[in-house]
2 protein chains.
Amino acid sequence: MSVKQPTLHDVARLAGVSHQTVSRVINSSPNVADDTRKRVQDSINALHYRPNQAARSLITGRSQTLQVIDFDAYYVTPLPPIISIASEKGYKISVSTVKLPDSVHEFRKLMDDSTARQVDGFLLFAMDLTVPKEILDQLCRGAPYVQLGSSPADGVPAVLFDQVGGMRQLMNHLFNMGHKRIAEISGPFTKVDARQRHAVVQDMLHDAGLEPGPWVESDFQILGGYEKALELLSIDRSFTALVCGNDQAAVGAMRAINEVGLRVPDDIAVVGFDDEHFAAYLNPPLTTVRQDFLEQARRGIGYILAKLEDPETPMIREVICPELVVRKSS
Amino acid sequence: MSVKQPTLHDVARLAGVSHQTVSRVINSSPNVADDTRKRVQDSINALHYRPNQAARSLITGRSQTLQVIDFDAYYVTPLPPIISIASEKGYKISVSTVKLPDSVHEFRKLMDDSTARQVDGFLLFAMDLTVPKEILDQLCRGAPYVQLGSSPADGVPAVLFDQVGGMRQLMNHLFNMGHKRIAEISGPFTKVDARQRHAVVQDMLHDAGLEPGPWVESDFQILGGYEKALELLSIDRSFTALVCGNDQAAVGAMRAINEVGLRVPDDIAVVGFDDEHFAAYLNPPLTTVRQDFLEQARRGIGYILAKLEDPETPMIREVICPELVVRKSS
DNA sequence: CGTCGGTTGTTTAACGCTCACATACCCTCC
DNA sequence: GGAGGGTATGTGAGCGTTAAACAACCGACG
C-alpha cells in the first residue's frame with residue numbers, strides 16, 4: 001500500500017453527501033434518491049474508490065471468504081470447481097493444507113488463524129481423521145462448515161460420494177465379466193475412503209461365495225501401485241482381475257503387469273477409482289468410477305451460504321452417487 | 001460469529017496490564033518484562049484469545065495473505081508448493097481464477113477486490129496476456145507482485161522456466177536418436193508458452209537443415225492431442241518422431257498412434273513437456289521435460305516477502321532450467 | 001393547519017487493534 | 001545528586017467502515 005487509497009469520506013466530499021449515504025449506495029440500500037445515487041456512483045468511479053474490506057470485516061464480522069482446509073496437500077483436483085462456484089456467489093477462496101506429522105495440532109492452529117480472519121465458512125476436505133461435531137463446532141467458532149468427500153462424525157454436515165455404491169458397481173461389473181479370482185491393492189488405511197472401499201471389496205467377494213484373492217495395502221500413489229502390483233504378481237498370478245484403490249494405483253499396477261509380460265485386460269483386468277483426466281487415455285483406457293466434484297462443490301457451498309443466511313438451516317448430509325465408467329481395461 | 005470473542009482488552013483486564021502491553025506480547029516486541037509476558041500469555045491461553053485480523057489489517061494495511069491469480073482454472077499443479085511455502089512463512093494463500101470470455105475485465109475486477117482485501121502480494125499465474133508493467137503496478141496498487149511461469153512484459157518481476165532451453169534439450173535428444181522427420185502438435189497459440197515452444201521446434205529443425213514435418217495447433221488437452229494426432233496420421237505417416245506441446249497432448253497422441261496400429265517408440269517416438277505425475281507410468285513411459293514448481297514457488301514468494309520487507313528490493317527476473325527426462329517413449 | 005407516515009439525509013458511536021507519544025522507573029556516571 | 005539513557009508500561013487517537021438514532025423534508029389527511 002504505497003499510495004493512499006480514497007475512502008468513503010473522500011467520495012462523500014466529492015459527491016457532496018454524507019459518508020453514510022455513500023455507504024448506502026455501495027450496499028445497495030433502497031432508501032437513496034436516484035439522482036443522489038448516480039452522483040455518488042460517479043464520484044466512486046472518478047476516484048476509483050473500492051471499499052476497504054478490513055474495515056468492513058471489523059464491524060460486520062464477515063469477510064466474504066470461505067476457507068478450504070485440505071488434509072491431502074497434493075489432491076487439488078476438486079479445487080477448481082470450488083473456486084468457480086464460490087466466485088459466482090461473490091466469495092473468495094482461501095486454501096490451506098494440513099501437514100501430516102501432527103494433523104490435529106496443525107488443524108487447530110489453522111482454525112484459530114482462520115477464525116481470526118473472520119472467515120465466513122469452512123470446507124473441510126479429505127479429512128483423514130473423524131472429528132466429532134462438538135469439537136468442530138468449537139473450532140469453527142460459530143462459522144458454518146461442511147465436510148467434503150470423507151466420512152464425517154455423527155451430526156457433521158457433509159457432502160459425500162457413495163464409496164460403497166461406487167465400489168459395488170465396480171465389483172458387479174467384474175462379476176458380470178465372469179471374474180472369479182479378484183486381487184486388490186487398497187489405499188492406505190489411514191484414509192477412511194480407503195478402508196470403506198476395501199471393506200466393500202472383501203464383503204462382496206464373501207457374499208458372492210468367492211474366495212478372496214490376494215490383497216495388499218498401498219498409498220494411493222502411482223509408484224506404490226506399481227511396487228505393490230509387482231509384489232502381488234510375484235506371490236500369486238492366479239487372479240484374473242485387480243481392483244485398485246484409486247486411478248493412480250491402477251496406473252502403476254498396469255505398468256507392473258506389462259513389465260512381467262502379462263497383458264491388460266486379456267490376462268488381468270484392472271479397475272481404478274476416481275476417473276482422473278488421464279484415465280480415459282491410458283493404454284488400455286481404464287475402467288473406473290467417476291465422482292462429480294462440481295456437484296459436490298455446488299451443494300457444499302450452497303449449504304454454507306444458506307446457513308450463513310439463516311442459521312436455522314438444517315444440517316445436510318448428502319450423498320452423491322458416483323458413476324461407473326466402463327473402458328477397455330476390464 | 002455467534003459467540004462473542006475475547007478482545008485485547010479482556011486479556012489486558014485479566015492480566016492486570018494495559019491493552020498496549022498485550023499488543024506488545026502478541027507482536028513479540030522486546031520491551032516486555034519476562035514475568036509480565038508470562039502473565040499475559042497465561043491470560044491469552046485462559047481466554048483462548050486470538051487477535052482479530054480484520055482490526056489488524058485495518059490499521060497496518062497488511063493481511064498476511066498472498067493472492068494467487070490463475071489464468072488457467074484447471075492447471076492447479078503448481079498450487080501445493082505455493083501453499084506450502086507461504087504457510088511456512090506465515091502467509092495464507094487466497095486463490096482466484098480468471099475466466100476466459102473477458103479476461104481483462106475479470107482481471108481488473110479481481111485486482112480491485114484483492115486490493116480492497118489488503119492482500120500483501122500477488123502471484124500471477126499462467127497469464128495468457130502480456131500486461132505491461134505500468135498497468136500491473138496500477139492494478140496492484142503498490143502491493144508487490146510476481147509473474148510465474150509465463151512470459152512477462154519488460155520490467156515485470158518473474159520466475160520463469162526456460163521454455164527455450166527445455167525444448168532445445170528435447171529436440172537435441174531427438175536429433176541424437178537419429179530422427180530426421182519430426183512432427184509437432186503444439187499448444188494453443190493464445191498461450192505464450194505454446195508459441196515459444198513451437199518457435200523453438202521449428203527453428204531447430206531449420207537450423208539442423210531438416211525439412212519440418214507436419215504440425216498442427218492443439219489445446220494442451222488429452223482429447224485435443226488425440227484428435228490432432230489422428231489428423232496428422234491421416235495426412236502423412238512419414239514422420240518418426242512427434243513433439244507434443246505438453247504431456248497431456250502426448251497422452252492423447254500416444255493413444256491415437258496405437259489405434260492406427262503403429263507403436264511407440266518403434267514406429268514413432270513421442271515426447272511431451274511438464275513431467276506430470278503420470279508421465280513415468282504411461283505405457284511406454286514418456287520422455288519429457290521436468291519443471292521444478294517447488295523452486296519456482298520458493299523464489300517467487302521469497303521475492304514478494306523481500307519486497308514487502310524492503311520496497312527497494314530490485315525486481316527479479318529468474319529463469320529456472322527445466323530438466324530433460326528421457327524415458328522409453330523416444 | 002397541525003399531525004402523521006414515509007422518504008432521504010446526517011450525526012454519533014462503535015468494531016478491535018496499532019502507533020506515537022507520554023510517563024514512570026532504574027541504573028550509571030561525572 | 002542531578003543529568004542522561006535505557007527499559008517497562010500506560011494513554012489516547014485513529015484506521016475506514018456499518019449500525020442505530022436522529023433530524024429534515026414532503027405530501028396527505030382529518
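Every chain is numbered from 1 and lettered A, B, ... according to where its sequence line falls, protein lines coming before strand lines.
Mapping B:Arg39 and A:Pro51 onto DNA chain D by nearest heavy atom places B:Arg39 closer to the 5' end of the strand. Comparing B:Arg24 and B:Ala54 by the nucleotide of DNA chain C whose heavy atom lies nearest to each, the residue mapping closer to the 5' end is B:Ala54.
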Go through the steps for A:Thr65 and B:Arg117 under the test side-chain hydrogen bond (donor to acceptor under 3.5 Å, both in side chains), then give the verdict. CA-CA 10 Å; A:Thr65 301; B:Arg117 279 162 207 262; 2.9 Å; yes

Does B:Phe293 form a ring pair (Phe, Tyr, Trp, His ring centres under 6.0 Å) with B:Phe161? I'd like the steps, not just the answer. CA-CA 9 Å; B:Phe293 289 114; B:Phe161 293 113; 5.5 Å; yes

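Look at B:Thr21 and you'll find a side-chain N or O under 4.0 angstrom from OP1 or OP2 of D:dG10. Residue B:Asn31 has no polar side-chain atom (N or O) positioned under 4.0 Å from OP1 or OP2 of D:dG6.
Evaluation of the ring pair (Phe, Tyr, Trp, His ring centres under 6.0 Å) test over residues 11-33 of chain A, restricted to residues two or more places apart or in two chains, returns A:His9-A:His19.
Within 6.0 Å of the CG atom in A:Asp35, the count of heavy atoms belonging to other residues, nucleotides or ligands exceeds 12.
Atom NE2 of A:His19 is separated from atom P of D:dC15 by 13 Å (rounded to the nearest Å). Summarising the geometry, the separation between CD on B:Gln20 and P on D:dG14 is reported as 16 Å, rounded to the nearest angstrom. In this structure, A:Arg56 atom CZ and D:dT17 atom P are separated by 8 Å, rounded to whole Å. At whole-Å resolution of the value, CG in A:Leu58 and P in D:dT17 are 12 Å apart. Rounded to an integer number of Å, the gap from CD of A:Gln64 to P of D:dT18 is 11 Å. When the P atom of D:dA8 is taken as reference, atom CG of B:Asp34 falls 8 Å away, rounded to whole Å. Between the P atom of D:dA8 and the CZ atom of B:Arg37 lies a distance of 9 Å, rounded to the nearest Å. If you measure from atom CD of A:Gln53 to atom P of D:dT17, you get 10 Å, rounded to the nearest angstrom.
Proximity of B:Tyr91 to B:Leu308: side-chain heavy atoms (C-beta onward) are separated by under 4.5 Å at one or more points. Side-chain contact between A:Val95 and A:Ile83: absent, with no pair of heavy atoms (C-beta onward) separated by less than 4.5 Å.
No contact: B:Ser57 has no heavy atom under 4.0 Å from any strand.
Chain A approaches DNA chain C over the interval C:dT8 to C:dG16, counting the first and last nucleotide 5' to 3' with an atom under 4.0 Å from its heavy atoms.
Of the residues listed (B:Asp34, B:Thr36, B:Asp42), the one engaging B:Lys38 in a side chain to side chain donor-acceptor pair (under 3.5 Å) is B:Asp42, and it is the only one.
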